Amino acid sequence: MTETKIVLRPLIGLMSDQSPEEIEHHVVQEIEKHRRLRDEATLLEARVDSAASLDETQQASRAYVSAMIAVHAQQTVVSTLLDILGYIPEMPKQKPH
C-alpha cells in the first residue's frame with residue numbers, strides 16, 4: 001500500500017508572505033503543542049488501562065480516541081509547516097518537570 005502525504009494547503013497560503021524567522025516561530029510553537037497533546041494522550045491511555053469498570057473504560061477510551069485524533073491532526077500541521085520551512089528548527093530547551 002502506498003501512502004500519500006497529507007498537506008494542509010491553507011497553511012501554505014498563510015505562510016507564503018511570512019519571513020523564514022516567522023515561519024520558524026510558528027513551527028516551534030506547533031511542535032510544542034504536538035508534544036503537549038501527545039503527553040495528554042499518553043495519560044489518557046493509562047486511564048483506559050487502569051479503569052475499574054466497563055463504564056470507566058468506555059469513557060476513558062472515548063477521551064483517548066479524541067486525544068489521538070488531535071495528536072494526528074496536529075502532526076499534519078507540524079509536517080506541513082516543516083515542509084514549508086525546509087528544515088527542522090532547533091527547539092528551546094525543555095524545563096525539567
Side-chain angles (χ1 to χ4, degrees):
M1 177 165 98
T2 60
E3 292 187 32
T4 303
K5 183 174 181 170
I6 297 172
V7 175
L8 298 175
R9 295 199 184 282
L11 292 182
I12 295 169
L14 281 171
M15 295 295 126
S16 66
D17 294 333
Q18 301 296 314
S19 69
E21 295 80 15
E22 191 63 23
I23 295 170
E24 184 173 308
H25 170 80
H26 288 289
V27 170
V28 169
Q29 282 189 317
E30 296 305 320
I31 289 172
E32 289 173 342
K33 181 177 181 180
H34 181 265
R35 289 175 178 172
R36 287 190 305 273
L37 290 169
R38 178 207 57 205
D39 292 348
E40 179 182 319
T42 300
L43 292 173
L44 290 169
E45 183 180 30
R47 285 190 194 162
V48 173
D49 294 340
S50 66
S53 69
L54 178 60
D55 186 51
E56 284 179 24
T57 300
Q58 288 175 332
Q59 288 179 10
S61 181
R62 278 192 186 129
Y64 171 69
V65 168
S66 291
M68 287 305 296
I69 290 169
V71 167
H72 290 296
Q74 185 64 18
Q75 179 59 48
T76 304
V77 169
V78 169
S79 179
T80 300
L81 289 174
L82 285 170
D83 286 348
I84 294 166
L85 185 60
Y87 62 92
I88 298 172
E90 190 168 322
M91 295 297 292
K93 301 290 183 214
Q94 288 187 330
K95 301 173 189 117
H97 297 280

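Keep in mind that what you see is a predicted model, and the values were worked out from it rather than measured. Sequence positions, counted from 1, serve as the residue numbers for this chain. Hydrogens, waters and symmetry mates play no part in the numbers below; they use all other heavy atoms, side chains included.
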- request: Please step through side-chain contact (heavy atoms from CB on, under 4.5 Å) for the pair H25 and Q29, ending with a clear verdict.
  value: CA-CA 6 Å; H25 170 80; Q29 282 189 317; 3.4 Å; yes
Do side-chain atoms of [X] reach the backbone of [Y] as a donor and acceptor pair under 3.5 angstrom?
{"X": "Q74", "Y": "L37", "value": "no"}
{"X": "E56", "Y": "A52", "value": "yes"}
{"X": "S16", "Y": "G13", "value": "yes"}

- request: Compare every heavy atom of P89 with every heavy atom of V27, then report the nearest pair and how far apart it is.
  value: CG1-CG, 3.7 Å
- line: Here the pair of heavy atoms bringing A41 nearest to V71 is CB-CG2, 4.1 Å
Sequence neighbours excluded and cut-off under 3.5 Å, please list the side-chain donor-acceptor pairs for residues 77-86, or say none.
residue, atom, partner, partner atom, Å
S79, OG, K5, NZ, 3.4
T80, OG1, L8, N, 3.1
T80, OG1, T76, O, 2.9
D83, OD1, K5, NZ, 3.0
D83, OD2, K5, NZ, 2.7

How would you list, by chain and number, every residue that makes a side-chain hydrogen bond (donor to acceptor under 3.5 Å, both in side chains) with [X], sequence neighbours excluded?
{"X": "Q59", "result": "D55"}
{"X": "Q75", "result": "H34"}
{"X": "E22", "result": "H26"}
{"X": "D17", "result": "none"}

field: Atom CZ of R47 with >12 non-hydrogen neighbours under 6.0 angstrom
entry: no
query: Are there more than 12 heavy atoms of other residues, nucleotides or ligands under 6.0 Å from atom CD1 of I12?
result: yes
- request: Please identify each residue that fulfils side chain to side chain contact (heavy atoms under 4.5 Å, CB included) with A63, with sequence neighbours left out.
  value: L44
- prompt: Who pairs with A73 by side chain to side chain contact (heavy atoms under 4.5 Å, CB included), at least two apart in sequence or on another chain?
  reply: none
- prompt: Is there a chain of hydrophobic side chains (I, L, V, M, F, W, Y, each step under 4.5 Å between heavy atoms) that links V7 to I23?
  reply: yes
query: Are any non-hydrogen side-chain atoms of P92 and E32 less than 4.5 angstrom apart?
result: yes
message: Do M91 and R35 make a side-chain contact, defined as non-hydrogen atoms from C-beta onward lying under 4.5 Å apart?
response: yes
- prompt: Roughly how far apart are I88 CD1 and E24 CD, rounded to 0.5 Å?
  reply: 11.5 Å
query: Roughly how far, to the nearest 0.5 Å, is OG1 of T57 from OH of Y64?
result: 14.5 Å
message: Quick test of your reading: applying salt bridge (charged side-chain N to carboxylate O under 4.0 Å, His left out), list the pairs with at least one residue in residues 59-69, sequence neighbours left out, ordered by first then second residue.
response: none
